[in-house]
There are 2 protein chains.
Amino acid sequence: MVKERVTVVDIAHAAGVSKSTVSLVLQGSPLVNEVTRAKVNATIRDLGYVYNRSAANLRQSKSKIIGIVVNDLTNSFFAELAVGVDVMVQQAGFVQFLANTGEKIERQREVVASMREHGVSGLIISPARGTEAADLAPLVESGIPVVLVVRDIADAGVSSLTSDNHAGAMAAVRHLIERGHRRIAFLGGFPDTAVFEARMRGYRDALLEAGLDAAEALVIGSAPSRAGGVTAIEQAMMLSDRPTAALCFNDAVAFGVCDGLRARRLEPGADFAVIGFDDVIEAKTAVPALTTVSVDPQGMGQRAAELLLKQINAGKAQAESIVGSVRLVVRQSCGAAVERRTREALS
Amino acid sequence: MVKERVTVVDIAHAAGVSKSTVSLVLQGSPLVNEVTRAKVNATIRDLGYVYNRSAANLRQSKSKIIGIVVNDLTNSFFAELAVGVDVMVQQAGFVQFLANTGEKIERQREVVASMREHGVSGLIISPARGTEAADLAPLVESGIPVVLVVRDIADAGVSSLTSDNHAGAMAAVRHLIERGHRRIAFLGGFPDTAVFEARMRGYRDALLEAGLDAAEALVIGSAPSRAGGVTAIEQAMMLSDRPTAALCFNDAVAFGVCDGLRARRLEPGADFAVIGFDDVIEAKTAVPALTTVSVDPQGMGQRAAELLLKQINAGKAQAESIVGSVRLVVRQSCGAAVERRTREALS
DNA sequence: ATTCATAATTGGAACGTTCCAAATCCGTCA
DNA sequence: TGACGGATTTGGAACGTTCCAATTATGAAT
């Protein structure tokens, strides 16, 4: 029942060549003669040989594994990011360890350690909230390529790929202003993250630029989830001077805001303008389709993987920080011009 | 710059013991004296030693890796499933390879092969559409534990963990019937999958049981996504004799159906009853909150992992098929009793 | 002091690959 | 025929761990 493992020497023996030759075939070396190659490949198939990467690793101390650790796989933004990475990495003949930290630093420490033990040759990390440069220090010192994605960490000394959150938020808010909105809220997200910080500054700068004042009360943090969006909009609507539009921390929050709006019998896009951030896959098909700042999560995953692979191949590259450009995708959820509140005309 | 790898012999040398002792410490063996253990642990920390699992694997030919391959990570059902697995697996000191096949059999073949090469000690697979027992044969023969999840494959000879789709669908449709609905549709999903088949039979059996006839036209397949839901409901509403309620293939479809309903100015839950399947995390917070058949994806992931781990530890366990029970979670989206169409009274 | 059992430690061999230097093959040219 | 050179092939020594059998230290009992 328990099968003996078939090894290269078994193959070698069966094919009447040496193990070195088999190894050469395995690596696709041009050194081996066409006919022996064919013979070896045939016996490999016949005996059902399975390559043992652990052994190979041990010898050449470079694995074909990259690790990706994300802070919240439940959020479809990160799920899409992960599939983007997967596509790229698979293409390069690598395989990925994926781990989810659920925003827990301790867990993150564990999984990174575990990945190191497994000899990953590079790591893509979307760090858990509150991760500091010091947390990454041992990893960085070991010299294994790391690219931080989504959330950058100052002075960590590694490459990073983020998106232009400030510009994206400004573009969104400008658009809202053009449409006549004056009371614009910024909803959702954890205020202690760099991403929140950047998007919020973009929001604020756009208001200032238009000579509007940025009321403290209009920025309302919450969990960056659908549920968080619901609570944020509820809070916003309790204000004496209610907003008529909102830029949301991300799409999940935006969907939640739409839900919350409906719960009070307001139709998003008609009675209240909402803009998201990320352009998750459902943003397009939702009703109303979500206006959002597109950061193309899947593409971002791919680019992060590319960056990492480049670094792995280069041996030791200089750390580079890329900030990807973003663009506002105008769909229906911001459709409400403030003066056109009499939507009844439409139906 | 390039650090030399620190190995057990380095530790041994520095701590003044033999490499065997260091190995014993690493494995937490009770054989080693308390004071030497402390000394060894100290030098391990001092030298920044990183355990090399490849080498260990090679020697003991059992890794602490399990693989999980899913057919669509973009679908939050599977993302949650993966998180569930992750939790369990991490707890057991394992680490997971995660790969996404995007429903492509060829890709699935590749990733499974790759995982085998990496010496995973078990595999959790949610097979791509159209996977046959033959596709899994080489894997199964190799004797590595496999548990199929979500989608079972007949005669594959491996354990599986599915949910009681038939019973769940029946419960949902019965509920709709009790509320007075007579024209009930079954929307979304690929008709050529076992899961579709089971849910659809449940739907049909419930109708038959109530003496209603199951009109062919009322079951409408589509991609099992939000976008698919939109097209399915559109098609349903073109029917001469429109349905007043629908059981959807999964929650993603159900959300799409809600979107599609709104697009034609119908309020889900008030003007049309919709029930989903899965109980994805957003089902609870959506507006209207989605009535759905709860499958508890995360719990399912955990159970699958447990099953697999049990099998790994047992060496070679009998294949067992578990079908998890499900329950109907009644929330708002099915709120419409057919006779109460005058919802204006509510607001 | 000697013996004995128990506790703690240890030196190799082994795991399956890769890589190097060296060996062999084979056709060609002088 | 013999030497030459490019094309192939090959034996062993690594890689960093674990495991076994065997050794040494420790302390109790005689």
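Order of the sequence lines fixes the chain letters, A, B, ..., with proteins taken first and strands second; residue numbering starts at 1 for each chain. Just so it is clear, the structure is predicted and the values come from calculations on it, not from any experiment.
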L139(B)/I125(B) under side-chain contact (heavy atoms from CB on, under 4.5 Å): CA gap, chis, key distance, verdict: CA-CA 12 Å; L139(B) 180 61; I125(B) 308 184; 4.0 Å; yes
Salt bridge flag under 4.0 Å for residues D135(A) and R109(A): no
4.5 Å side-chain heavy-atom contact, D86(A) and Q90(A): yes
Side-chain H-bond candidate by donor/acceptor type, S23(B) with S20(B), under 3.5 Å: no
Donor on one side chain, acceptor on other, T131(A) and Q108(A), under 3.5 Å: yes
ring-ring contact (aromatic ring centres under 6.0 Å, His included) against F97(B), all qualifying residues, sequence neighbours excluded: F97(A), H118(B)
Neighbour count above 12 (heavy atom, 6.0 Å) for D192(B) CG: yes
Residues in contact with DNA chain D, drawn from residues 18-43 of chain B - heavy-atom cutoff 4.0 Å: K19(B), S20(B), S23(B), Q27(B)
Sugar-phosphate, base or nothing in reach of V17(A), heavy atoms under 4.0 Å: sugar-phosphate
Range on DNA chain C touched by chain B - first to last nucleotide, heavy-atom distance under 4.0 Å: dA8(C) to dG16(C)
Test: E320(A) and K310(A) ion pair at under 4.0 Å: yes
